[in-house]
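Notes for the one structure printed next.
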Amino acid sequence: MNIVLLGPPGAGKGTQAEKLSARYGWPQIATGDILRAALSEGTGLGLEAKKYMDVGELVPDEVVEGLVEERLGRDDAREGFILDGFPRNAHQAAALDGYLSARGLSIDLVVNIVVETEVLVRRIAGRRACRQCGANYHVDFNPPAEEGLCGQCGGELYQREDDNEETVGNRLDVYLGHTEPLIEYYRPCGCLVSVDGSKSPDEVFEAITGAVEKVLVRE
Ligand code: ADP
Ligand code: AMP
């Protein structure tokens, strides 16, 4: 099944994509993670992307669209995929549709994760990730057993450079200006479902899997 997770920064897209991938086996394709991996490897692409990520702007469409198309073409995405953080504007959504329709494919489910701004800011401020395995934590909502250490691999936890107050404000503005309009872009497909993302991760997951199961029954 081909899924898009829509929602503002901090809505829980990565958290839910990881859970969905573990349950159903479809790969999580997170453009932010791909860009951060390129940056930590010190590639030209990573360094170019950093200029935009540091200030909370979108990395140019042609760069991100190329990365996603390459990733979607891999074998493990044949049975389905979970897009997390892509598309982020109308150009990317049209590029995705073009790529899929040229292959006789389409998006089966778009999950819009709804969370109010105040909660987003708290989530982003407390977000931590493992340098080694990428596992996701929150200092209050999902703390590691041992402070600063990943419970899964023992790696060091760090705070993303773009999870600071100034950048977050810009990322939320970019979301409102460019990404939120995608809700209307996807509405006519009949595959759009909104879930209340302010509930616990397990409750949000239950709502999303409910939507996934409905599509699976239809297929
Ligand atoms: P996104 O990928 O949409 O930016 P994340 O999945 O990284 O969001 O979540 C942002 C932060 O909020 C993380 O620290 C995560 O652990 C925490 N988080 C995610 N979902 C929830 C939830 N339902 N309730 C409380 N905290 C959450
Ligand atoms: P995220 O990890 O999804 O919060 O993304 C972090 C940053 O990576 C964003 O603020 C953008 O600078 C960049 N980025 C991630 N996904 C995209 C995308 N689809 N298009 C453009 N830039 C992106």
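For the single chain, residues carry numbers from 1 onward in sequence order.
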Straight-line distance of His178 NE2 to Asn89 CG, nearest 0.5 Å: 7.5 Å
Tyr24: partners by ring-ring contact (aromatic ring centres under 6.0 Å, His included), with sequence neighbours left out: Trp26
Shared-cluster residues of Leu157, by chain and number - hydrophobic side chains joined below 4.5 Å: Tyr137
Nearest-0.5 Å distance, CG of residue Asp61 to NE2 of residue His91: 5.5 Å
Atom of Cys133, atom of Cys130 and distance for their closest heavy-atom approach: N-SG, 3.3 Å
Matching residue for Val4 among Asn112, Asp84, Leu83 - test: side-chain contact (heavy atoms from CB on, under 4.5 Å): Leu83
Beyond-backbone contact of Arg128 with Arg160, side-chain heavy atoms, under 4.5 angstrom: no
Cluster check Val195, Leu216: I/L/V/M/F/W/Y, side chain < 4.5 angstrom: yes
From CD1 (Ile113) to NZ (Lys199), nearest 0.5 Å: 13.5 Å
Heavy-atom closest pair, residues Val212 and Met1: O-CE, 3.5 Å
Validation row: Thr209, Leu20 side chains within 4.5 angstrom (heavy atoms): yes
Distance-minimising heavy-atom pair for Gly7 and Lys13: O-NZ, 3.1 Å
Rounded distance (nearest 0.5 Å) linking atom CD of Glu69 with atom CG of Leu100: 9.0 Å
Side chains of Ile183 and Val110 in contact at under 4.5 Å (non-hydrogen atoms): no
Salt bridge (charged side-chain N to carboxylate O under 4.0 Å, His left out) between Lys19 and Asp202, worked out: CA-CA 9 Å; Lys19 287 163 90 65; Asp202 285 346; 2.9 Å; yes
Distance-only donor-acceptor check, side chains Asn164 and Thr167, under 3.5 Å: yes
Euclidean distance, Lys50 NZ relative to Glu161 CD, rounded to 0.5 Å: 4.5 Å
Glu146, CD: over 12 other non-hydrogen atoms inside 6.0 angstrom: no
Candidate pair Gln28 and Asp33, rule side chain to side chain contact (heavy atoms under 4.5 Å, CB included), full reasoning: CA-CA 10 Å; Gln28 169 189 8; Asp33 288 350; 4.1 Å; yes
Qualifying residue, where the test is side-chain contact (heavy atoms from CB on, under 4.5 Å) with Ile208 and the options are Val193, Val111, Ile3: Val111
For the student: nearest non-hydrogen atoms of Ile124 and Gly10, plus distance: CG1-CA, 3.8 Å
Transitive ILVMFWY side-chain link Leu72 to Leu45, under 4.5 Å: yes
Cation over ring face, Arg88 and Phe86, 6.0 Å, 45°: no
Any donor-acceptor N/O pair, Glu203 side chain to Ser200 backbone, under 3.5 Å: yes
Nearest atoms (heavy-atom pairs only) where Ala135 meets Gln152: CB-NE2, 3.9 Å
Residue pair Tyr175 / Glu180, side-chain heavy-atom distance below 4.5 Å: yes
Side chain Asp108, main chain Asn2, donor-acceptor under 3.5 Å: yes
Minimum side-chain heavy-atom gap Leu35-Leu67 below 4.5 Å: yes
Side chains of Phe81 and Ile107 in contact at under 4.5 Å (non-hydrogen atoms): yes
Within 6.0 angstrom of Arg122 CZ, more than 12 heavy atoms from elsewhere: no
Ionic contact status for Asp76 with Arg71, cut-off 4.0 Å: yes
Short side-chain to backbone donor-acceptor contact, Glu48 and Thr43, under 3.5 Å: no
Where Arg171 and Arg127 come nearest, the two heavy atoms and their spacing: NH2-NH2, 3.3 Å
Glu213 atom CD, over 12 foreign heavy atoms within 6.0 Å: yes
Cluster check Leu172, Leu58: I/L/V/M/F/W/Y, side chain < 4.5 angstrom: no
Transitive ILVMFWY side-chain link Leu6 to Leu96, under 4.5 Å: yes
Hydrophobic cluster identity match, Phe141 and Val119, side-chain contacts under 4.5 Å: no
Spacing of CD belonging to Glu57 relative to NZ belonging to Lys51, to within rounding of 0.5 Å: 13.0 Å
Side chain to side chain contact (heavy atoms under 4.5 Å, CB included) between Val68 and Ile34, worked out: CA-CA 9 Å; Val68 170; Ile34 296 172; 5.7 Å; no
Non-hydrogen side-chain atoms of Glu65 and Tyr99 separated by less than 4.5 Å: no
Minimum side-chain heavy-atom gap Pro60-Tyr52 below 4.5 Å: yes
Short side-chain donor-acceptor distance under 3.5 Å, Glu18 and Ser21: no
Short side-chain donor-acceptor distance under 3.5 Å, Ser198 and Asp196: yes
